[in-house]
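Structure first, then comments.
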2 protein chains.
Amino acid sequence: MVTLAEVAQHAGVSASTVSYVLSGKRSISATTRQRVEQSIRELGYHPNAGARALASNRSNIIALMVPLRTDMYVPVMMEIAIAVTTAARTHGYDVLLLTGEEGPDAVRRVTGSGLADAMILMDVELQDERLPLLRGTDQPSVLIGLPASTTGLTCVDLDFGATGALCVEHLAKLGHHDVAVIGEAPAVYERHTGFAERTLDGLRSRARDLGLRVLHRPCEGGYDAMAVTLARIFDERPGTTGFVVQNESAVEPLLAQLRRQGRAVPEDVSVVAICPDQVAVQASVRLTSVAIPAQEMGRHAVERLVAKLDGRGGDDVVLIAPELTVRASTGPAPAGP
Amino acid sequence: MVTLAEVAQHAGVSASTVSYVLSGKRSISATTRQRVEQSIRELGYHPNAGARALASNRSNIIALMVPLRTDMYVPVMMEIAIAVTTAARTHGYDVLLLTGEEGPDAVRRVTGSGLADAMILMDVELQDERLPLLRGTDQPSVLIGLPASTTGLTCVDLDFGATGALCVEHLAKLGHHDVAVIGEAPAVYERHTGFAERTLDGLRSRARDLGLRVLHRPCEGGYDAMAVTLARIFDERPGTTGFVVQNESAVEPLLAQLRRQGRAVPEDVSVVAICPDQVAVQASVRLTSVAIPAQEMGRHAVERLVAKLDGRGGDDVVLIAPELTVRASTGPAPAGP
DNA sequence: TTGAAAGCGCTAACAG
DNA sequence: CTGTTAGCGCTTTCAA
């Protein structure tokens, strides 16, 4: 194993000079720098991570805590994880993967051991048990998601309130009056993750302004559950012509069921989905949708975190503005009966 | 920050004693051990990861390299990643997430810096450019997937050859004679990942033994591509009654297209899928399938790696035996015309 | 069964 | 602009 000292000797300079060439923390003459860099290349030197962490009190590692649960739409998680990793690398950080399994203990372990310099938490609940720990430490952290209280915390999330509003606005503009919202599985609401509720609040409040009627039904994914849900919706509101779906595993069942009932999309009913673009594009009808900006969320989280690590910027909440893409699943409301 | 020295002082013992209590590498009297453990708890001591890594030359970190690409079925990747992380924790290891983006450089960086003690590579290609590096280092590694040559390497994968055979056997037993295989997108074959070819080889060879005819068509996912593919299949082999699908994004389009053509599943045609259980269960027809054992693959990979780190066990190839679950998409072949 | 002490490889004062 | 040096917190001989 090649050490810094060996590089120094090979280049005919002191260890500290090599160190400073590497860190750029003090100016080095061009010739010295070149000799050192040359030696580094020739010897194939890689700084030892442990030694560096010990001496500098910095591991250059960001911990990322992903949910263990698999009932949320996984590709989004993965996309965020990859975006975080990629973004972190551009700032010189590596990413340590933690599962939610260990819960608060993982936070204690990582902060206590100096394994990571900072952490990003996904799948945050309204009253998340990890939050007190985060507030009580000086280790920077960023949440992806919004807990009940954000004081003393930095959060990044899609603006789900605006998302709901955007969906209903689009339907209103097309002349729809009766809108049904097909939501996440009841378990998601019970877990108090908040985003589903925020969507609904935003949607309802804008619907009120615009004079639309809204019916909301949570829904397990799958074809059977959807049949039941849809029957209840049309039973209660026969005049429903607009749908907002926020549940990836309900998207295809909804389209199938509508087809079976002889309701054409978008001629008879319009459907707006809140889902990753990939799902919207690959569905049997290309869906008008608001995308979950996974990449952007991951990137933002890292940017905020790095800012904190560099002593710039403090706590705040970044809500990403939703964007609605019109595709083939929405159209003018059919003429009234 | 609490250090080992402080714990030692608090417990009235030497630093080395505390260290040995932690590592268990030499026997400690019960009373001493208890005093030390008590102090550790009282002070809330966590060993410093960097110092430990420096002194012991072990980071207790396993690097996991995931593909950056998103055209493979992502949930499987995620499930493997989570399985790896969970399994690693039970052995005292944390997991560092690397994306394929950096390619061989990441391998160099991680092995060179001692950031990780070992690594797991996913999405291995037949002629993977990272393999020479792995062979040339003494750092243990495990591949998930099978390259062209496995000498000097440890690999874990589903036995795709047996998987193909199993699918065609199932169809043969039900009396089907003409089988169509709907494969991955052409890009997957071109990338030379091997698993698709291995499936096909196993399937074809068993089909030959059993006297079945096989027609193979790669297929981009999606409804339009499937319409074309299916038309060509029935054009060429009108008597096709059995399907094997190995492409998650083709599953639902296939079922939809068959429905549209008035072919009932499983009365007129049978469908066997090679896909995660979740996909098989959530499809519009519950699919008879061979599952991708993501959890098992992740767990196996970690077990192998830990064995190598502990000096037990060497290089070998672990092929996980496929299991076929019969659901609602396969049945007896219809009587001949 | 325990202690003392020498590093592990690097960073960051401090000194020139 | 560069060198000297004192640790960072832990593991592990060596010695008792």
Side-chain angles (χ1 to χ4, degrees), chain A residues 1-37 39-40 43-61 92 109-117 309 311, chain B residues 1-37 39-40 43-61 92 94 109-117 309:
Chain A
M1 182 201 184
V2 186
T3 70
L4 191 155
E6 294 175 292
V7 173
Q9 189 171 14
H10 185 273
V13 298
S14 73
S16 62
T17 298
V18 177
S19 177
Y20 284 119
V21 166
L22 253 30
S23 69
K25 287 188 181 174
R26 77 181 186 192
S27 44
I28 304 279
S29 76
T31 62
T32 305
R33 147 168 293 116
Q34 289 184 349
R35 273 221 315 292
V36 170
E37 285 170 345
S39 299
I40 288 177
L43 302 180
Y45 168 72
H46 285 273
N48 179 286
R52 190 170 256 191
L54 177 57
S56 67
N57 221 356
R58 288 285 212 119
S59 66
N60 279 287
I61 287 178
R109 193 167 59 83
V110 166
T111 61
S113 66
L115 228 188
D117 297 331
L309 284 165
Chain B
M1 184 202 185
V2 186
T3 70
L4 191 156
E6 295 176 291
V7 173
Q9 188 171 14
H10 184 272
V13 298
S14 74
S16 60
T17 297
V18 177
S19 177
Y20 284 119
V21 166
L22 253 30
S23 69
K25 286 188 182 175
R26 79 179 182 192
S27 44
I28 303 281
S29 75
T31 62
T32 305
R33 149 168 291 116
Q34 289 184 350
R35 272 220 318 289
V36 171
E37 284 170 347
S39 298
I40 288 177
L43 301 180
Y45 168 72
H46 285 273
N48 180 286
R52 191 169 255 192
L54 177 57
S56 68
N57 223 353
R58 287 284 211 124
S59 65
N60 278 290
I61 288 178
D94 272 294
R109 192 167 58 82
V110 166
T111 61
S113 66
L115 227 189
D117 297 331
L309 285 165

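Bear in mind the structure is a predicted one, so any value in this text is a computation, not a measurement. By convention in this document, chain letters (A, B, ...) are assigned in the order of the sequence lines, proteins followed by strands, and residues within each chain are numbered from 1.
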Between I61(A) and L115(B), which heavy-atom pair has the shortest distance, and what is it?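 Reported closest heavy-atom pair: CD1-CD2, 3.8 Å.
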For a quick check of understanding: with a heavy-atom distance under 4.0 Å over all strands, which category does [X] fall into, base, sugar-phosphate or nothing?
X	result
T32(B)	sugar-phosphate
S16(B)	base
V18(B)	nothing

To the nearest 0.5 Å, tell me how far I40(B) CD1 sits from H10(B) NE2.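 Going from CD1 on I40(B) over to NE2 on H10(B), the span is 11.0 Å.
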Can you tell me how far [atom2] of [N] sits from [atom1] of [X], to the nearest Å?
X	N	atom1	atom2	answer
H46(A)	dC10(C)	NE2	C1'	16 Å
R33(B)	dT2(C)	CZ	C1'	13 Å
K25(A)	dA13(C)	NZ	C1'	12 Å
Y20(A)	dT11(C)	OH	P	9 Å
L54(A)	dC10(C)	CG	P	12 Å
I28(B)	dT2(C)	CD1	P	6 Å
L22(B)	dT12(D)	CG	P	12 Å
I40(B)	dG9(D)	CD1	P	16 Å

Phosphate OP1/OP2 of [N] contacted by [X] side-chain N/O (<4.0 Å):
X	N	answer
S27(A)	dC1(D)	yes
S56(A)	dC10(C)	no
R52(B)	dG9(D)	no
T3(B)	dG9(D)	no
T17(A)	dT2(D)	no
S19(A)	dT11(C)	yes
S29(B)	dT2(C)	yes

If you assign A5(A) and R26(A) each to the DNA chain C nucleotide with the nearest heavy atom, which residue ends up on the more 5' nucleotide? A5(A)
So T17(A) and S14(A), side-chain contact (heavy atoms from CB on, under 4.5 Å) or not? Walk me through it. CA-CA 5 Å; T17(A) 298; S14(A) 73; 3.2 Å; yes
If we ignore angles and hydrogens, is there a donor and acceptor under 3.5 Å between the side chains of T32(B) and S29(B)?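 S29(B) and T32(B) do have a side-chain donor-acceptor pair below 3.5 Å.
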Side-chain touch R26(B)/S16(B), heavy atoms, less than 4.5 angstrom: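 Yes, their side chains come closer than 4.5 Å.
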